[in-house]
Amino acid sequence: MASTVSLLSEKSFLCFLCRDVFINPVTIPCGHSFCKTCLCHSWSKHQSTFCPQCKRVFSTRPDLSINRILADVSENYRKNRPLKPPVEKVEANVGQMIQERQHKIERLKYSVQLLKTSCLREVRESQKVFSALVHSMEKSHKWVVAAIEEREQEEERKVEMLIHDLEQEIRQLRSQEQRKEALKYGSQVLHTSENDDAEPDVPSCASLTICPTDMKDWSKVTMETDPCVAITRRALSEMMDMLKEEVNRLSKSELKRIQKYTADVNLSPKTAHPSLSISEDRKQVRHTDKLQEVPDNPKRFDRVANILGRESFGAGRYYWEVEVGDKLEWSIGVVRQTINRKGKFTVCPANGFWTLSLKPGGQYVANSSPPAVVGVEEKPRKVAVFLDYGEGHVSFYCVESGVHMFTFRDSFTDRLHPFFSPGRLHGGRNAAPLVVTSSCCSI
C-alpha cells in the first residue's frame with residue numbers, strides 16, 4: 001500500500017475544500033470527493049446541493065456514504081507523507097484563500113440568479129392567486145345582487161297579490177252596501193203602493209250580508225321590509241371558506257418548498273433534565289418516572305423536563321420535523337443559547353423561548369406574551385419547525401395537512417438551539433417519546 005501511495009501526488013489525497021488530507025471522504029455523483037464534514041458545511045452555508053469543485057447542481061441531495069477505499073488510502077498517506085517546508089504551506093494557504101474568494105463570488109452571482117427566479121415565481125403565483133380571488137369576489141357580488149333583485153321582485157309580487165285581494169274585498173263590501181240601499185228603497189216603495197196586492201220577490205237583507213268570518217283577517221298580514229339581511233353574510237361566509245382553502249393550499253406549497261432546508265437535528269444529553277431518557281441515536285426523548293444519576297453542569301435543565309438540540313444556528317434557514325403522535329402534552333421550538341436553565345423561569349420570547357405547546361386539555365398554545373391559542377381542525381401527529389434566522393421567523397406546520405399553525409416574528413442576535421419537552425407522564429398515558437425525524441444535512 002505504501003509503495004502505491006508513493007506513486008500518487010499529494011493532490012490525490014487532499015480535500016478541495018479544506019486542502020488537507022481526507023477525513024471520512026465521500027464521493028458524489030460527479031466523481032469528486034470531499035471530507036464529509038466539509039461538504040455538509042458547504043451545503044449548509046450556501047443552502048444548495050452542488051459540487052464545490054465542478055459546480056454541478058444536484059436536483060436531489062446525494063447519499064453521502066463514506067468511500068472506505070479512499071478513506072484507508074488517505075489515512076495511510078497521512079501517516080507516511082513527507083513534511084513540507086513552511087514556505088510552501090504559506091503559498092498554499094494564500095492560493096486557497098484566493099480560490100475561496102473567487103468561489104464565493106461565483107456563488108453570490110448564482111445566488112442572485114436563484115433569487116430572481118424565486119421572486120419572479122412568487123410574483124406570478126401571487127398574480128394568479130389574487131386574480132382568481134378578484135374574479136371569485138366579482139362573481140360572488142353579482143350573485144348577491146341577483147339574489148337581492150330576485151328577492152325584491154318576489155316580495156313585490158306578494159304585495160301585488162295582497163293588494164289585489166284587498167281591492168276585491170273592498171269591491172264586494174261596496175257592492176253589498178249598494179244592494180242594501182237598493183233593498184231599503186224598494187221596500188219603502190212597496191209599502192206606499194195601495195194598488196199592488198202581490199207579494200214582492202225581493203231578497204231579504206240577511207241573504208245579502210257577507211259574513212265577517214268568510215273574509216281574511218288582515219290584521220295578521222305583514223310585509224317583510226328587510227328580506228335580504230342574510231344574503232351578503234352567506235356570500236361572505238362562502239368567500240371565507242374559499243379563502244381558507246386557498247391559504248391551506250399555499251401553506252402546503254410553502255411547506256414543500258421549505259423542506260429543502262432540512263437540518264440534521266440531534267438531542268444533547270448534556271442539557272437533558274435528569275428525568276428524561278434519550279435514545280442511543282439521539283433522536284428520541286421520553287419522560288421517565290425516576291431521576292437518573294447524571295453529572296450536573298451549567299447546560300443542564302434542573303427543574304423542568306426540557307432538552308435542547310446539539311446543533312446551534314446563527315444564520316440561514318433550517319427545517320426539522322418532530323413526531324408527537326397521540327401524546328397529551330409536549331413543547332417544541334427554538335431557544336436562545338444563553339437561556340436560564342436552572343430554577344424557575346417563564347417560557348416566552350422575552351426570555352429567549354419561541355415555542356409551541358400542546359396542553360393536557362388538548363389546547364394548542366403559542367408561548368408568546370401573552371400566550372396565543374392556536375386553532376387546528378386536524379390534530380397533528382407530526383409537527384414541522386422552520387427557522388428563518390435572518391428574517392426572524394419561527395414557524396410551525398402540521399406535516400400531514402401542510403397547514404400553517406403559527407409564526408413568531410422577532411429579531412435574533414444570539415445563536416439558537418432546537419428545544420424539546422415531552423411533557424409529564426400523566427399516569428403513563430403520556431409516556432410516548434418525542435421523535436426527531438429529520439436525518440440529513442441542512443442545505
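Note that the structure is a prediction, hence the values are computed from the model and not measured.
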What residue pairs, at least two apart or across chains, pass salt bridge (Lys or Arg N to Asp or Glu O under 4.0 Å) with a residue in residues 384-401? R317-D388
Output all residues satisfying side chain to side chain donor-acceptor pair (under 3.5 Å) with T338, sequence neighbours left out; order by chain, then residue number. D414
Which residues share a ring pair (Phe, Tyr, Trp, His ring centres under 6.0 Å) with Y397, sequence neighbours left out: H404
Side chain to side chain donor-acceptor pair (under 3.5 Å) involving Q99 - partner list, sequence neighbours excluded: R19
Residue pairs, two or more places apart or on separate chains, that pass salt bridge (Lys or Arg N to Asp or Glu O under 4.0 Å) and touch residues 349-364: none
Please table the atom pairs, donor to acceptor, closer than 3.5 Å between any side-chain atom in residues 25-33 and protein atoms at least two apart or in another chain.
residue: T27; atom: OG1; partner: S33; partner atom: OG; Å: 2.7
residue: T27; atom: OG1; partner: N67; partner atom: ND2; Å: 2.9

Which residues pass the salt bridge (Lys or Arg N to Asp or Glu O under 4.0 Å) test with D326, sequence neighbours left out? R381
Results of salt bridge (Lys or Arg N to Asp or Glu O under 4.0 Å) for E106 - residues two or more places apart only: K55
Restricting to side chain to side chain donor-acceptor pair (under 3.5 Å), what partner residues turn up for R282, sequence neighbours left out? none
Does K342 have any salt bridge (Lys or Arg N to Asp or Glu O under 4.0 Å) partners at least two apart in sequence or in another chain, and if so, which? D296
R78: salt bridge (Lys or Arg N to Asp or Glu O under 4.0 Å) partners, not counting sequence neighbours: E75
Identify, with sequence neighbours excluded, every residue that meets side chain to side chain donor-acceptor pair (under 3.5 Å) alongside S74. none
